[in-house]
Amino acid sequence: MESLDDAGVYKLSDNLAIIQTIDFFTPIVDDPYDFGQIAVANALSDVYAMGGKPLTAMNVVCFPTKKLDISILKDILKGGIDKMKEAGVTLVGGHSIDDAELKYGLSVTGTVHPERLVTNSGAKAGDKLILTKPLGTGIISTALKAGKVSKETVAKMTKYMAALNKKASELMQEAGVHACTDITGFGFLGHTCQLARSSQVGIKINSSSVPVFTEVEDFARAGLCPGGLHRNREFYGKMVEFSKKIPDYIQDILFDPQTSGGLLIVLAPEAAEPLVKKLHKAGVQDAAIVGEAISKPLGEIIVE
Ligand code: CO
Ligand code: CO
Ligand code: CO
């Protein structure tokens, strides 16, 4: 827990460890089926980030039975089950309570060979960083609540959030990954800071190569930022040095809390370009090299 890794890991024997994680949250899209899909992709992501194989899951449900029709819950759970099937995960139970606000998510158990566990502490100076999904889901969700987002953009964002990080996880392991984490609530720079600290390296980010949803820039310029973004900026901002040419709204996007974001993969420089090509071929079409690990300043991020 000290290294702020994505999930808990418990070694059962010399060749088997279990990975455990739990994630649940309030809806970020209106469609219940889509929300179920996203919640599952998001909950499984921590297992994929650690190089594990998710096996079983349990539903965590808070539902306002007096406010909402039960068919909404059925659709959420259906979306969840379909996504679990796609991932090869078996639903083994769950727990639900009556609550004022709807929440859904899962606890997930996976396995990994203890020697092949991927943590956020293995980055070395000279390594390259790859990000596999575009940023901006927090900002778009905020704009959505304000009624400012087109149907097409919602559909596009939903597709990305519902996409499993499974393929990216398998390919990064074949490529000899050194470290990994997934981008979620602390935003791209928050999770990058955690990885830099755990790995005892600095990190240099090339902001123009970071994949971002095209629609996000306008919303960010208009100041449509979720509360979590400001908390991320306040907390992690001290560890980040921005070059003067980076406008404020780009800084916001880099701190935007993500739901079911991509993997941040760290690996040897010569392995980076071949992995990006394989990711693109496998349908992870936005994967890009976004920066590199450097020896100094330790635990800090430079954004150019
Ligand atoms: Co995580
Ligand atoms: Co998590
Ligand atoms: Co019981």
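Keep in mind the model is a prediction, meaning the values are calculated, not measured. Read the numbers this way: they start at 1 and go in the same order the structure lists the ligands and their atoms.
- The pair Glu170-Lys166 meets the salt-bridge criterion, with a side-chain N (NZ, NE, NH1 or NH2) lying under 4.0 Å from an Asp/Glu carboxylate O.
- Of the options Thr184, Thr21, Asn165, a side chain to side chain donor-acceptor pair (under 3.5 Å) to Asp46 is made by Thr21 and by none of the others.
- Side-chain atoms of Thr158 and Asp34 include no donor-acceptor pair closer than 3.5 Å.
- Sorting the N, O or S atoms of Asp46 by how far they are from the Co ion (ligand 1) puts OD1 first.
- Summary: OD1 is the N/O/S atom of Asp6 found nearest to the Co ion (ligand 1).
- The Co ion (ligand 1) is closest to atom OD1 of Asp182 (considering only N, O or S atoms).
- Note on ring orientation: taking the six-membered ring where Trp is involved, the planes of Tyr160 and Phe213 are perpendicular (angle over 60°, cut-offs 30° and 60°).
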